[in-house]
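We're numbering straight along the sequence, starting at 1.
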Amino acid sequence: MASHRRPATSGCDRGAAALCVLSAAAAALGAVPAAHGAPRDGARAELDRLYAQAERATEDYDRADERADRLRHEVRDAQDHIARTQQRVNSLRDQLGSLAGAEYRSGGIDPAVALLFSADPDDYLDKASVVDRIGTRQAGQLRELSGALRDLAQERAEAEAKLGDLERSRKAVAAHKRKVRERLTRARRLFDSLPAADRADYNRSSRSGRPDLTGLGDLDPRAAAALAAARSALGRPYVWGANGPSGFDCSGLMQWSYARAGVQLPRTSQAQRDAGHRVPLSQIRPGDLVIYRSDASHVAMYVGDGQVIHAPHPGAAVRYDRVGMLPISAVTRP
């Protein structure tokens, strides 16, 4: 989420060799690696931390919201299927009801017809003496009713389980939403407490000039279309949990841009990291996704000229920044 240079880290000392190689490659592309950022005072470092925490919570929110949405569709489908199965059961009961009526008019309900009122038709049908006393057609109808009742019971049990999952997902969404709002409220208060000059410097600390986007005619058509879509979103606000078109969070911008190119990306930056094949940073091309931080909590799209386009953080619009604005963990080509 944050779009500014980070304090020096000791990732190499902690064994993050891949991250160090990517950072070195970012330097070769003309970017300023996060490891060489200017020192920050306590307030600005805390602001960085809060924005990073809010972005992680936003990714958790997106993931939980996506799951809840999927479960809502599954529950609706299950309820529709239950309704259709119930109609089938009712129809079979109506068909078999004529048999009961005939038996009653002829002097009473035959024991075989009592099967209609049995809680366990299978158990009744398993008795050979009963099966012998009813016609072949009625036996087939009763077996069909028995199967429909089993299907109905199973579908209801599955729907109840999905409803339980949906309720848990709703609670997770609400919890992540509270966490995001808490972090962003603290970040906004801290940002507002900074002197005006520091606020302006913070907002432009990682930004670079408009990239030179000439010579992109040989791009893969899908990458070119996604890049054009992302560029059309320049200036639109960061909105956590949003995937366009009026506002975006970081992964929402990538998903929306590639959807314009006919490519369906998953919703979160963690999932987008694996939505394609990895390429070395030294071979990066416009349209590739750049995944940041070891937890893959931020994503941007490479546009060429050592720069990316992304949705940085609340209060900032979709914009260009240096590819090395944050520690890079992976580059993915959808």
Which atoms form the tightest heavy-atom contact between Ala233 and Val318, and what is the distance?
O-CB, 3.4 Å
Sequence neighbours excluded, the answer for side-chain contact (heavy atoms from CB on, under 4.5 Å) partners of Arg260 is Ala229, Trp256
Rounded to the nearest 0.5 Å, how far apart are CG of Leu326 and CD1 of Ile291?
12.0 Å
Side chain Glu158, main chain Ala78, donor-acceptor under 3.5 Å
no
What is the distance from atom CG of Leu50 to atom CZ of Phe191, rounded to the nearest 0.5 Å?
13.0 Å
Determine whether more than 12 heavy atoms belonging to other residues, nucleotides or ligands lie under 6.0 Å from atom CZ of Arg285.
no
May I have the step-by-step check of side-chain contact (heavy atoms from CB on, under 4.5 Å) for Arg156 and Gln86, ending in yes or no?
CA-CA 11 Å; Arg156 283 176 172 163; Gln86 184 66 63; 2.8 Å; yes
Arg186: salt bridge (charged side-chain N to carboxylate O under 4.0 Å, His left out) partners, not counting sequence neighbours:
Glu46, Glu182
Which heavy atom in Tyr238 sits nearest to a heavy atom in Pro314, and how many Å separate them?
CD2-N, 3.4 Å
Is there a continuous path of hydrophobic side-chain contacts, each under 4.5 Å between heavy atoms, that joins Val299 to Val239?
no
Under a plain distance cut-off of 3.5 Å, with no hydrogens placed, do His73 and Arg70 share a side-chain donor-acceptor pair?
no
Do Asp77 and Glu74 touch side chain to side chain, with heavy atoms closer than 4.5 Å?
no
Is the shortest heavy-atom distance from the side chain of Trp240 to the side chain of Arg181 under 4.5 Å?
yes
Separation between CG of Leu190 and OG1 of Thr185, rounded to the nearest 0.5 Å:
12.5 Å
Residues Ser269 and Glu59: side-chain donor-acceptor under 3.5 angstrom
yes
Distance-only polar pair, side chains of Gln283 and Arg333, donor-acceptor under 3.5 Å:
no
Lys/Arg N to Asp/Glu carboxylate O, Arg222 vs Asp220, below 4.0 Å:
yes
Least distance between heavy atoms, Met254 atom then Gln272 atom
CB-OE1, 3.5 Å
Does a salt bridge link Arg72 with Asp69, judged by any charged N lying under 4.0 Å from a carboxylate O?
yes
Set of side-chain contact (heavy atoms from CB on, under 4.5 Å) partners for Arg168, sequence neighbours left out:
Asp165
So, Ser91 side chain and Gln87 main chain: donor-acceptor pair closer than 3.5 Å or not?
no
If you look at every heavy atom in Ser297 and Cys250, which pair is closest and at what distance?
O-SG, 4.0 Å
Please answer whether the main-chain N or O of Asp274 pairs with a side-chain N or O of Thr332 as donor and acceptor at a distance below 3.5 Å.
no
Is there a path from Leu219 to Tyr320 through hydrophobic residues (I, L, V, M, F, W, Y) whose side chains come within less than 4.5 Å of each other?
yes
Kindly give the heavy-atom pair with the smallest separation between Leu253 and Phe248, and that separation in Å.
CA-CD2, 3.5 Å
Value rounded to 0.5 Å, distance of CG in Leu289 from CE in Met301
6.0 Å
Residues at least two apart in sequence or cross-chain that pass side-chain contact (heavy atoms from CB on, under 4.5 Å) with Ala300, listed by chain then number, are Tyr292, Val308, His310, Met325
Grab the two heavy atoms, one from Gly241 and one from Thr58, that are nearest each other, plus how far apart they are.
N-CG2, 3.7 Å
Expected output: side-chain Arg236 to main-chain Pro245 donor-acceptor under 3.5 Å
yes
In this structure, CG of Asp65 is separated from CG of Asp60 (nearest 0.5 Å) by 12.5 Å
Is it true that a side-chain atom of Asp305 and a backbone atom of Gln307 form a donor plus acceptor pair closer than 3.5 Å?
no
Listing request: all salt bridge (charged side-chain N to carboxylate O under 4.0 Å, His left out) pairs with a residue in residues 240-253, at least two apart in sequence or in separate chains.
Asp249-Arg267
Val323 with Val279, same ILVMFWY side-chain cluster at under 4.5 Å:
yes
Say whether, by atom type as modelled, one donor and one acceptor occur between the side chain of Arg278 and the main chain of Arg273 under 3.5 angstrom.
yes
With sequence neighbours excluded, tell me which residues meet ring pair (Phe, Tyr, Trp, His ring centres under 6.0 Å) with Tyr258.
none
